[in-house]
> 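The structure's right below; bear with me while I get my questions together.
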Amino acid sequence: MNEIKKYVKTFYEQAFSKEIKQKIENHKIDFMNHSDRDVLSYCINKAWVDAVMYERMQPSYKDKSDNKDQIVGIIYKFFENVIAGKQVNYSKWHRDTCENNMYGMSVGLWQKLINMTFKYVYCVREYYSEISAFDFEQCHIPLDSYILDWFGFNDKKWNKIADYDEYITIQRSIKEALKKQDINSLLEGDFIVWEQSKAIKTANEIIKGLAYLVEDKERVKFLFREDIDMIHVLASELDND
């Protein structure tokens, strides 16, 4: 689907700093050299904020932070093996890692950290020959509130998922839903669905907030009807692709 390139580019432009984008595009920064100045480190640290820093107000957060080197080292090791041309079983590695509770990480936190890392890496894969051949169709969709709500898992909280079989059941259900829209890659589907889900959820929150202030929800809907219609039209593109 050529449309995916547009969504990936938009995400890349927003997620990566201007400085690192210039270095990546000018081939002035290594993909992986175990320093804060490599691309993989940048991607993992962004994923760390998305996943683990979410719990920064929780009592258990400090334990995870203290073990950050060991936690992210597991992801580094996977890419080391890929770059070295070693045989890697992504599905087995993903499961084994998500079920590793040595560092106080739940399945929900692990999946978000891993899946978001691969989402960021996907954005820059064309600049690095050492990873460009990796089959990103193996990757999963990062589960968060936007994705879970969009696909009807409103009763689930991504950071509370503790059972890997439950996690895989959700992934398979989402994959089937995406296939109906001719999207065969879970990771690519995330670029499209996440943006649309976020836009609609944000719009609904604005409507509720304004309605609370003026005590007239229908009046708010009328005043902002063009903006609301535009958001829903954008969201419906997924059904029309």
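Since the structure is predicted, the reported quantities are computational estimates derived from the model, not experimental observations. The basis for the numbers below is simple: all heavy atoms, side chains too, and nothing from hydrogens, waters or symmetry mates.
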> Aromatic ring centroids of Y128 and F79 under 6.0 Å?
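Ring-ring flag for Y128/F79: false, centres at least 6.0 Å apart.
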> Scan residues 89-106 for pairs that pass salt bridge (Lys or Arg N to Asp or Glu O under 4.0 Å), counting only residues two or more places apart or in two chains.
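Pairs touching residues 89-106 that pass the test: K92-D96, R95-E99, R95-D165.
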> If we ignore hydrogens and angles and just use 3.5 Å, is the side chain of D163 paired with the main-chain N or O of E166 as donor and acceptor?
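Yes.
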> Check whether NZ of the Lys or CZ of the Arg K21 lies under 6.0 Å from the centre of the six-membered ring of F16 and within 45 degrees of that ring's axis.
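No, a cation-pi geometry is absent between K21 and F16.
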> Apply ring-ring contact (aromatic ring centres under 6.0 Å, His included) to Y146 and list each qualifying residue two or more places apart in sequence or on a separate chain.
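Once residues adjacent in sequence are excluded, the partners of Y146 under the ring-ring contact (aromatic ring centres under 6.0 Å, His included) criterion are W194.
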> Can you confirm if the aromatic rings of H94 and Y167 lie within a centre distance of less than 6.0 Å?
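Ring centres of H94 and Y167 closer than 6.0 Å.
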> Using the ring-ring contact (aromatic ring centres under 6.0 Å, His included) rule, pick out the option among Y120, Y90, Y122 that qualifies with F136.
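The ring-ring contact (aromatic ring centres under 6.0 Å, His included) with F136 is passed solely by Y122 among Y120, Y90, Y122.
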> Counting N and O atoms only, with roles assigned by atom type, does the side chain of E195 sit under 3.5 Å from a partner on the main chain of I192, one being a donor and the other an acceptor?
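No; judged by distance alone, with no hydrogens or angles, the pair does not exist.
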> Who pairs with Y127 by ring-ring contact (aromatic ring centres under 6.0 Å, His included), at least two apart in sequence or on another chain?
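With neighbours one apart ignored, the set is empty.
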> Please walk me through it: do F191 and C123 pass side-chain contact (heavy atoms from CB on, under 4.5 Å)?
CA-CA 10 Å; F191 285 97; C123 294; 3.8 Å; yes
> For the backbone of E137 and the side chain of D135, can you confirm whether one donor and one acceptor N or O come within less than 3.5 Å of each other?
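Yes; judged by distance alone, with no hydrogens or angles, the pair exists.
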> Sub-3.5 Å donor-acceptor pair from the side chain of K46 to the main-chain atoms of A15, do we have one?
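It does hold such a pair.
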> Measure from the side-chain N and O atoms of E25 to the backbone N and O of Q22, and report whether any donor-acceptor pair falls under 3.5 Å.
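A pair under 3.5 Å: no.
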